There are 2 protein chains.
Amino acid sequence: MNASRTARERVRAELIREITDIARRHLATDGAGGLSLRAVARDMGMVSSAIYRYFPSRDDLLTALIIDGYNAIGESVEIADAGCARDDFTGRWLAVCHAVRTWALDHPHEYALLYGSPVPGYQAPEDTIGPAARDVVVYGRIISDAQAAGRLTPPDMCPAPPEVLSSDAEAVRQLMPGVSDDVVARGIVAWTGLFGMVNFELFGQFNNVITHRRELFEHNMLSLASLIGLPPTPRA
Amino acid sequence: MNASRTARERVRAELIREITDIARRHLATDGAGGLSLRAVARDMGMVSSAIYRYFPSRDDLLTALIIDGYNAIGESVEIADAGCARDDFTGRWLAVCHAVRTWALDHPHEYALLYGSPVPGYQAPEDTIGPAARDVVVYGRIISDAQAAGRLTPPDMCPAPPEVLSSDAEAVRQLMPGVSDDVVARGIVAWTGLFGMVNFELFGQFNNVITHRRELFEHNMLSLASLIGLPPTPRA
DNA sequence: GGATCGTCAAGAGCAGTGCTCTCTTTTTTT
DNA sequence: AAAAAAAGAGAGCACTGCTCTTGACGATCC
């Protein structure tokens, strides 16, 4: 009985996979707002109402795509980090930055779904916060590793973070154990700066202004690396 | 004839204003995707097709809202900057940062329209690039003023920007005359970092993680200020 | 083996959307 | 006053998300 039930379940799982695949294709071409259950159903040779057997609502389909997206960019970041020498902290940071940017440029609509404005009327459920952390976990490990190796020497040029931020810093420190509140704050600057750059490039703020985007991006990521206190050059 | 013609035109202008006002209210509550011409028409006691006399398409209405939004945030930034002592460069930078953040928090959906993911199927026309620059013009003037006053001393901690970026730097330098390529690049880091922070806060990336958001924001903006080379403390 | 029950596809239908057309009314111009 | 321009009203098209009912298929139990 277990086998037979699994047979059904397997068909179901396969259909769910096919639906999300087609939906992702639609997402890539038309964006989140253009994602239509009926169109997906048409592509599958199904009638629209049948889709609702698998996804109770359009938002549930979106949620599935969002989780997949977080996992995809997270995996991409993990692979990029894994391809670097463990003690090349700046290189690992740069690799992570380029992985984020490249993935974003390759999947603009999916990226917009993850890091752009929330889809109107859609509220991200709790299921998304786990996979959402995959990329930042990698980032935290880089900082933490550099700190442990004694290679983190942030330039002192601005006041330490105010006392009131210590509880927040403590929360973030779970991702990057062993670093000071100051480094936590700098880490947030760099991380948000990374996504700020990607957002500007992807959402059109650089149009008609910046042409050598990859070079500017890399240079700016190096600036942020030095703000964190990472060694000035990769492989140094 | 001029007066009579103006009479009609005045009614027309008034109606356009009323449409955009109602549309903005809908935008504030339902977001860009929930903006419905029919709903706006209903609120005005009009029939839906009549709206098309004033805005040929939903996208044109969106464009009007976007231009208004850029002007609103730009004006907000201008006022914030104008409220500071001219030689308090770090204070002016901080004021601009807070103006952007406050406006974003007060008008989240409008902000998302400007700096979030592009609305699906909507392509921003050229009309939007003028007003879009209002805030960054203020920013550029702060940097430029600080440079002219000899108060811009960027810490040297990372390599200068590569040669290939000089043409892009030249374009950006129109906003901040008199500064080096290095400062231009740092300026872009800070500017994108500002919006990166606001995006993270507004789009939910800080949920369940950061609680003292204003304090963290201000501290991080000070970090970025020191990266640019602005004096470490306001009013110094 | 046959009855039963859960799962699924199909279709009709509801309320809503952007947008286009035609027709009538109102206002301006001549 | 007549002609012309502008605006409102309404019907209609194609589309959307979603719900409900109907009928068929397949696994399960006696």
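Note on naming: letters A, B, ... go to the chains in the order of the sequence lines (proteins, then strands), and numbering restarts at 1 for each one. As the structure is a prediction and not an experimental result, all values here were calculated from the model.
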Trainee: Applying side-chain hydrogen bond (donor to acceptor under 3.5 Å, both in side chains), can you list everything that pairs with A:Ser166, at least two apart in sequence or on another chain?
Mentor: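 Scan of A:Ser166 (side-chain hydrogen bond (donor to acceptor under 3.5 Å, both in side chains), adjacent residues dropped) gives none.
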Trainee: Rounded to whole angstroms, how far apart are OH on A:Tyr54 and C1' on C:dA9?
Mentor: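 Checked: the OH to C1' distance equals 8 Å.
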Trainee: Looking at the side chain of A:Arg38, which of C:dC8, D:dG17, C:dT17 is the nearest nucleotide?
Mentor: D:dG17
Trainee: Tabulate below the donor-acceptor pairs under 3.5 Å that side-chain atoms of residues 188-197 of chain A make, not counting sequence neighbours, or state none.
Mentor:
{"unit_1": "A:Thr192", "atom_1": "OG1", "unit_2": "A:Ile188", "atom_2": "O", "d": "2.8"}
{"unit_1": "A:Thr192", "atom_1": "OG1", "unit_2": "A:Val189", "atom_2": "O", "d": "3.1"}

Trainee: Rounded to whole angstrom units, what separation is found between the NE2 atom of B:His26 and the P atom of C:dT17?
Mentor: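 One finds 10 Å between P of C:dT17 and NE2 of B:His26, rounded.
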Trainee: Mind running a 4.0 Å heavy-atom check of residues 42-52 of chain A against DNA chain C and sending the residues that fall below it, in number order?
Mentor: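 Residues of residues 42-52 of chain A under 4.0 Å from DNA chain C: A:Met46, A:Val47, A:Ser49, A:Ala50.
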Trainee: Grab the CZ-C1' distance between B:Arg58 and D:dT16 for me, whole Å please.
Mentor: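 Value for this atom pair: 13 Å.
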Trainee: Just the rounded figure in Å: distance from P of D:dT16 to CG of A:Asp30.
Mentor: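 A:Asp30 atom CG is separated from D:dT16 atom P by 11 Å.
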Trainee: Can you name the residues that form a side-chain hydrogen bond (donor to acceptor under 3.5 Å, both in side chains) with B:Arg213, not counting sequence neighbours?
Mentor: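 side-chain hydrogen bond (donor to acceptor under 3.5 Å, both in side chains) list for B:Arg213, sorted by chain: empty.
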Trainee: Write out all pairs satisfying salt bridge (Lys or Arg N to Asp or Glu O under 4.0 Å) with one or both partners inside residues 95-115 of chain A, taking only residues at least two apart or from two chains.
Mentor: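 Output for this query lists A:Arg101-A:Glu201.
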Trainee: May I ask you to check whether A:Asp60 and A:Thr63 show a side-chain donor-acceptor distance below 3.5 Å?
Mentor: no
Trainee: In whole angstrom, give the distance that lies between atom CG of A:Leu15 and atom P of C:dA9.
Mentor: 6 Å
Trainee: When we call it a touch if two heavy atoms are under 4.0 Å apart, what does B:Leu35 touch: a base, just sugar-phosphate, or nothing?
Mentor: sugar-phosphate
Trainee: Under 4.0 angstrom, heavy atoms only, what part of the nucleic acid is B:Phe55 near: base, sugar-phosphate, or nothing?
Mentor: nothing
Trainee: For the residue pair B:Tyr111 and B:Phe203, categorise the inter-ring angle as parallel (less than 30°), tilted (30 to 60°) or perpendicular (more than 60°).
Mentor: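 Rings of B:Tyr111 and B:Phe203: tilted, 30 to 60°.
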Trainee: Is B:Arg12 close enough to D:dA6 that one of its side-chain N or O atoms is under 4.0 Å from OP1 or OP2 there?
Mentor: no
Trainee: Does B:Arg53 make a side-chain donor-acceptor contact with the base of D:dG8, cut-off 3.5 Å?
Mentor: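 Indeed there is one.
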Trainee: To the nearest Å, how far apart are A:Asp60 CG and D:dT19 P?
Mentor: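 Rounded to whole Å, this separation is 11 Å.
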Trainee: Tell me what A:Leu61 touches on the nucleic acid: a base, only sugar-phosphate, or nothing, going by heavy atoms under 4.0 Å.
Mentor: nothing
Trainee: Filter on salt bridge (Lys or Arg N to Asp or Glu O under 4.0 Å), then keep only pairs touching residues 20-29 of chain A, sequence neighbours left out; what's left?
Mentor: A:Arg17-A:Asp21, A:Asp21-A:Arg24, A:Arg24-A:Asp68
Trainee: Given atom CD of B:Glu9 and atom C1' of D:dA6, what is their separation to the nearest angstrom?
Mentor: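 The answer, rounded to whole Å, is 11 Å.
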